[in-house]
Every structure is written in structure tokens, then in C-alpha cells.
Amino acid sequence: MTIMNTQKIIDALAVLREKKPLVVNITNYVVMNNTANALLALGASPIMAHSQQEMAEMMSFSGALVINIGTLDSVWTPRMHFAVEQANLNNKVVVLDPIGCGASQLRTQTARQIAEAANTLIIRGNASEIIALAGENAQSKGVDALDSSDSALGAACYVAQQYQCSVVISGETDYVVTKEAQYKLNNGHVMMPFVTGMGCTHTALTGAFAAIGEHSGVAATAILGVAGEIAAEQSAGLGSLQINLLDVLYQLDEKTLTRRLKLTINE
């Protein structure tokens, strides 16, 4: 994995828009529409596939698998495990969103089992979820983080080592921990956490970049941060922010990314 900088992020976006990779999403009922539209706006091709009967076929020709445990139940869990098996067989990246990890034993155990099973893995969560995944005490209220992203850095390093993966921490400051480097990103806007599914969108976009070989999680984090920041500046409130975000993702260009991105790299 190479060190991601602004130019590599720009290049990755260009490749994604050219290749339009198919991303299989096993995601929650709340955000399917949001994340599908965000993937389309970015330039990827989403499919919300949940049937175990077609998953082997889907993973044979898709680019990546996104698993989001937001509306977890006994029916979906075996499908998620089977999908990970198929992703492994086809050498595809699994992007895990451990929503509510730490809020219940079911969520914590399921997130850890999926992370353990995936051969090539990126984890994208909020600070409380990453801390809980690491086995530390975390402050959480349902699926919302009460811990700061800074406080989760140690946990993220542990998780990255434990599962040999990249870990993305969403928060007021976003962090990405990989084997090669730690990235700090200071874009985004205070309105973003108040829109349902913004983190899920982050995870879906991470899957899109993983599908074209960008396995760090940095490109998606950078692009959503910049796009959210611009969209919020154009929005009167949370409703218009959701619409404006799609427009900005669709229109985002090299000049804007170069001017806006606030990225610090520690190797």
C-alpha cells in the first residue's frame, strides 16, 4: 500500500469515475437510499444485495463488499458471514461498518467475528465503535459516539494490528490508521453528524475506492470531508445538506480538492 497524498486521492477519484466499480452493500434499512445515491453521485455503481442465494455470483464480478451492521438480526447475520466467505474466495476487499459496536453484546461479537473472518479488510467507524471493537470501555448512546476521535487512536492502532487492516475513525477530526502511516484530516462540518447515514455514506464510499484498489480508506475520507464541508456552506439546514452533498460529490474536481483538503501524514 502506498502513502496517500492529495495527488493520489485526485488520481483515485479519476480512476473510480472511469471504471465505475460495482459495490455490493449489505447495509441497514435506514440508509440504503442515501448510500446508493452517494455511490452513484461519486461515479460508482451500487447494488444492495442481501440474498445468500445470489451472493457467490455477485462477489465473483463485483469490486468490493460493504457490510454495515446497523439493523442487525438473526436473518442477516448468516448472510453477512457467507458474503465475507465469498469475498475471500474472490480476493475482494471487505469494508466493515461496526455500527453500535459496544452498545450490545450482539453487535460487538458480530463486528469482531466479521473482522476476524475477512482476509482483506477496512474498518470505518466512529470513535466509540473503534474503542469497543478493540475491547476497551467506550462511551456510546445507541449508535452515536460520545468519545472523541483523538481518544480512539490507540484503539485504532490495536485494531489495525489485530486484524491486519486499515482503520478509519470518523469524528470532528478524521483519522486513518494503516500499516504505513497515520493520516489526520480536518475537513467536514458540524452539521454532518446530525444527518442520518452520513457515517454509512462514508463507509460506502470507502467500498467504492477499495473496489479500484485504494485500500487505505484515505480517499473516501478526504472526499466526503471536503464535499460535506462545501455542501454545508450551501445549506440552510439538515434537509438541504443531504441534497447538496450529492450535488457536490457529483461535481467535485481536482481544483477544489487541492484547494480545500486539510491532510496531515505521519509515517
Side-chain angles (χ1 to χ4, degrees), residues 21-36 38-39 44-126 129-130 132-134 143 156 159-160 162-170 197-211 214-217 220-221:
L22 179 68
V23 184
V24 174
N25 294 261
I26 301 181
T27 192
N28 69 74
Y29 297 118
V30 180
V31 304
M32 287 186 194
N33 185 66
N34 305 58
T35 55
L39 285 165
S45 178
I47 184 165
M48 279 36 190
H50 298 87
S51 172
Q52 188 165 323
Q53 293 154 299
E54 67 176 355
M55 192 55 65
E57 185 179 4
M58 285 289 177
M59 292 316 305
S60 71
F61 58 76
S62 67
L65 171 66
V66 172
I67 293 187
N68 177 313
I69 68 170
T71 48
L72 193 63
D73 65 23
S74 59
V75 175
W76 280 35
T77 303
R79 297 175 183 179
M80 292 175 176
H81 288 299
F82 182 76
V84 172
E85 291 175 9
Q86 297 307 309
N88 290 344
L89 286 172
N90 289 280
N91 298 313
K92 303 296 169 62
V93 182
V94 176
V95 181
L96 170 64
D97 192 329
I99 291 185
C101 184
S104 72
Q105 288 187 359
L106 175 65
R107 290 173 181 272
T108 304
Q109 291 170 359
T110 302
R112 289 176 181 167
Q113 289 166 356
I114 292 170
E116 184 67 36
N119 288 348
T120 308
L121 177 68
I122 305 170
I123 297 171
R124 200 295 313 166
N126 64 40
E129 291 159 352
I130 299 302
L133 193 61
V143 299
V159 169
Q162 176 76 9
Y163 300 112
Q164 293 297 293
C165 66
S166 298
V167 180
V168 181
I169 315 168
S170 299
M198 194 64 74
C200 303
T201 296
H202 190 169
T203 303
L205 300 188
T206 302
F209 281 103
E214 203 289 272
H215 296 171
S216 71
T221 305

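Note that the coordinates shown come from a computational prediction; the quantities given were computed from them, not determined experimentally. Values below: all heavy atoms of this structure, side chains included; hydrogens, waters and symmetry mates excluded. Residues: numbered from 1 along the sequence shown.
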Nearest non-hydrogen partners of [X] and [Y], listed with the distance:
X      : Y      : value
Pro46  : Leu39  : CB-CD1, 3.5 Å
Ile99  : Cys200 : CD1-SG, 3.5 Å
Cys101 : Ala132 : O-CB, 3.4 Å
Leu121 : Cys165 : O-CB, 3.0 Å
Thr35  : Ala204 : CB-CB, 4.0 Å

Kindly indicate whether the side chain of [X], heavy atoms from C-beta on, has any atom under 4.5 Å from the side chain of [Y].
X      : Y      : answer
Tyr163 : Arg112 : yes
Met48  : Ile26  : no
Met80  : Gln52  : no
Val75  : Arg79  : yes
Ile47  : Asn25  : no
Thr110 : Leu72  : yes
Val66  : Val24  : no
Asp73  : Thr77  : no

Tell me whether [X] contacts the main-chain N or O of [Y] through its side chain, where contact means a donor paired with an acceptor under 3.5 Å.
X      : Y      : result
Glu129 : Asn126 : yes
Arg107 : Gly70  : yes
Ser166 : Gly217 : no
Glu214 : Ser216 : yes
Asn33  : Ala36  : no
Ser60  : Glu57  : yes
Asn88  : Ala117 : yes
Ser45  : Pro21  : no

- Task: Enter the distance from Ile67:CD1 to Ile114:CD1 here, rounded to the nearest 0.5 Å.
- Result: 4.5 Å
- How far does CG of Asn34 sit from OG1 of Thr201, to the nearest 0.5 angstrom?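 Between atom CG of Asn34 and atom OG1 of Thr201 there are 5.5 Å.
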- Message: Taking ring pair (Phe, Tyr, Trp, His ring centres under 6.0 Å) as the definition, give me every residue that meets it alongside Phe61, ordered by chain and number, with sequence neighbours left out.
- Response: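 Per chain and number, Phe61 pairs via ring pair (Phe, Tyr, Trp, His ring centres under 6.0 Å) with no residue.
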Show me the donor-acceptor pairs within less than 3.5 Å that the side chains of residues 90-97 make with the rest of the protein, sequence neighbours left out.
from, atom 1, to, atom 2, distance (Å)
Asn90, ND2, Gln86, O, 2.8
Lys92, NZ, Met59, O, 2.9
Lys92, NZ, Ser62, O, 2.7
Asp97, OD1, Arg124, NH2, 3.4
Asp97, OD2, Arg124, NH2, 2.8
Asp97, OD2, Thr203, OG1, 2.6

- With sequence neighbours left out, what residues match Gln164 under side chain to side chain contact (heavy atoms under 4.5 Å, CB included)?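 Result, side chain to side chain contact (heavy atoms under 4.5 Å, CB included) vs Gln164: Gln161, Lys179.
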